[in-house]
Novice: 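The structure's right below; bear with me while I get my questions together.
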Amino acid sequence: MIPRLIELSDYDNGYIKLLSQLTVVGNITKNDFERQIKNIMSNSNHLIYVIPDSKTNEIIASGTLLIEPKIIHEMSNVGHIEDIVVNENYRGYGLGKIMINHLTEKAKEKKCYKVILDCSEENVKFYEKCGFKSKEIEMVKYFK
Ligand code: ACO
């Protein structure tokens, strides 16, 4: 299964339902979704990939790659991996690893010198299996 870029029609392919297995999504209309996806599609450094079920077209996995152009490291790029999720009925079949490998290859193509991500303790083993290692700590400040 090869991930493909998200499309406007993925609203009707259960994309919001999949994301709700990752975190809070809120009420998003088809219009809202299409406006945001068009906005994202206009930015070549913001790539959302999905894996559809080959029979039903339902989106069963998703992941995002953000490319950050740097001044340091000889004006190289850093890839940020975000919002990885696999439908709970399809976990354990290698889709998560396929998605991470795909995003990592895209980051290399985009001349990134590294890819980084934040995750919970319970996902550390998964990312280690994908070739990542722990480095430093994450900090956050939320705005209400
Ligand atoms: N603990 C230990 N090992 C794990 C775990 C885990 N929680 N999850 C997967 N693995 C292992 C698998 O056994 C497999 O090992 P193998 O290569 O030796 O066979 C390897 O990691 C790859 O597993 P996949 O089957 O590719 O993983 P899956 O498709 O189940 O997806 C994922 C993993 C994405 C974490 C899924 O469980 C999920 O969607 N979880 C809920 C959402 C979530 O937490 N997303 C990550 C947020 S962090 C971020 O977005 C940067």
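Read the numbers this way: they start at 1 and go in the same order the structure lists the ligands and their atoms. The figures that follow rest on heavy atoms only: side chains count, while hydrogens, waters and symmetry mates do not.
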Novice: Please collect all side chain to side chain donor-acceptor pair (under 3.5 Å) contacts where either partner lies in residues 127-144, sequence neighbours excluded, each pair once.
Specialist: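 Residue pairs passing side chain to side chain donor-acceptor pair (under 3.5 Å), neighbours aside: none found.
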
Novice: Which atoms of ligand 1 sit under 4.0 Å from any heavy atom of Gly92?
Specialist: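 Listed by number with element: 25 (O), 28 (P), 29 (O), 30 (O).
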
Novice: Going by atom type alone, with no hydrogens or angles, which donor-acceptor pairs under 3.5 Å involve a side-chain atom of residues 60-78 and a protein atom two or more places apart or on another chain?
Specialist:
unit_1: Ser62; atom_1: OG; unit_2: Tyr15; atom_2: OH; d: 2.8
unit_1: Ser62; atom_1: OG; unit_2: Tyr49; atom_2: O; d: 3.2
unit_1: Glu68; atom_1: OE1; unit_2: His80; atom_2: NE2; d: 2.8
unit_1: Glu68; atom_1: OE2; unit_2: Lys70; atom_2: NZ; d: 3.1
unit_1: His73; atom_1: NE2; unit_2: Tyr113; atom_2: OH; d: 3.1
unit_1: Ser76; atom_1: OG; unit_2: Lys111; atom_2: O; d: 3.4
unit_1: Asn77; atom_1: ND2; unit_2: Lys110; atom_2: O; d: 2.8

Novice: Which bit of Glu122 is near ligand 1, meaning a heavy atom under 4.0 Å away: side chain, backbone, both or neither?
Specialist: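 The part of Glu122 near ligand 1 is the backbone, not the side chain.
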
Novice: Tell me, do Val115 and Phe132 make a side-chain contact under 4.5 Å, heavy atoms counted?
Specialist: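 Val115 reaches Phe132 side chain to side chain.
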
Novice: Write out the residue and atom name of the closest protein heavy atom to atom 51 (C) of ligand 1, then the distance separating them to 0.1 Å.
Specialist: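 Checking every protein heavy atom, the shortest distance to atom 51 (C) of ligand 1 gives Asp118 O, 3.2 Å.
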
Novice: Could you check whether atom 19 (O) of ligand 1 has a protein contact, counting only heavy atoms that fall below 4.0 angstrom?
Specialist: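 It does not: no protein heavy atom is found less than 4.0 Å away from atom 19 (O) of ligand 1.
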
Novice: State the atoms of ligand 1, each with its element, that fall below the 4.0 Å cut-off from a heavy-atom position in Gly94.
Specialist: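 Those qualifying, in numeric order: 24 (P), 25 (O), 26 (O).
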
Novice: Hey, is atom 13 (O) of ligand 1 under 4.0 Å from any protein heavy atom?
Specialist: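 Protein heavy atoms within 4.0 Å of atom 13 (O) of ligand 1 - there are none.
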
Novice: Who's the nearest protein heavy-atom neighbour of atom 29 (O) of ligand 1, and how far?
Specialist: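 Heavy-atom neighbour on the protein nearest atom 29 (O) of ligand 1: Gly96 N, 2.9 Å.
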
Novice: One residue to check: Asn123. Relative to ligand 1, which of side chain, backbone, both or neither has a non-hydrogen atom less than 4.0 Å away?
Specialist: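 For Asn123, the contact with ligand 1 is made by the side chain alone.
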
Novice: List the steps, then state whether side-chain contact (heavy atoms from CB on, under 4.5 Å) holds for Ile51 with His102.
Specialist: CA-CA 11 Å; Ile51 299 176; His102 186 77; over 6 Å; no

Novice: Nearest non-hydrogen atom to atom 26 (O) of ligand 1 belongs to which of Glu88, Lys129, Lys97?
Specialist: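 Minimum heavy-atom distance to atom 26 (O) of ligand 1 goes to Lys97.
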
Novice: Specify side chain, backbone, both or neither for Tyr127, according to which of its non-hydrogen atoms lie closer than 4.0 Å to ligand 1.
Specialist: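 The part of Tyr127 near ligand 1 is the side chain, not the backbone.
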
Novice: Please check this pair: side chain of Tyr11 against backbone of Asp32, looking for a donor-acceptor N/O pair closer than 3.5 Å.
Specialist: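 Between the backbone of Asp32 and the side chain of Tyr11 there is no qualifying donor-acceptor contact (under 3.5 Å).
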
Novice: Got the closest protein heavy atom to atom 27 (O) of ligand 1, with its distance?
Specialist: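 The protein heavy atom lying closest is Phe126 CE1, 3.5 Å.
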
Novice: Look at atom 38 (C) of ligand 1 and say whether a protein heavy atom is found at less than 4.0 angstrom from it.
Specialist: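 Given the 4.0 Å limit, the answer for atom 38 (C) of ligand 1 is yes, a protein heavy atom qualifies.
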
Novice: What are the atoms of ligand 1, with element, lying closer than 4.0 Å to any heavy atom of Leu22?
Specialist: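 Here the atoms of ligand 1 in question are 42 (C), 43 (C), 45 (N), 47 (C).
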
Novice: Check ligand 1 against Asp83 and write out every atom of the ligand that is under 4.0 Å from a heavy-atom position of the residue.
Specialist: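 Those atoms are 50 (O).
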
Novice: Which is it for Arg91 and ligand 1 at heavy atoms under 4.0 Å: side chain, backbone, both or neither?
Specialist: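 For Arg91, the contact with ligand 1 is made by both the backbone and the side chain.
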
Novice: I need the nearest protein heavy-atom contact for atom 45 (N) of ligand 1: residue, atom name and distance, please.
Specialist: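 Residue, atom and distance for the closest contact: Ile84 O, 2.7 Å.
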
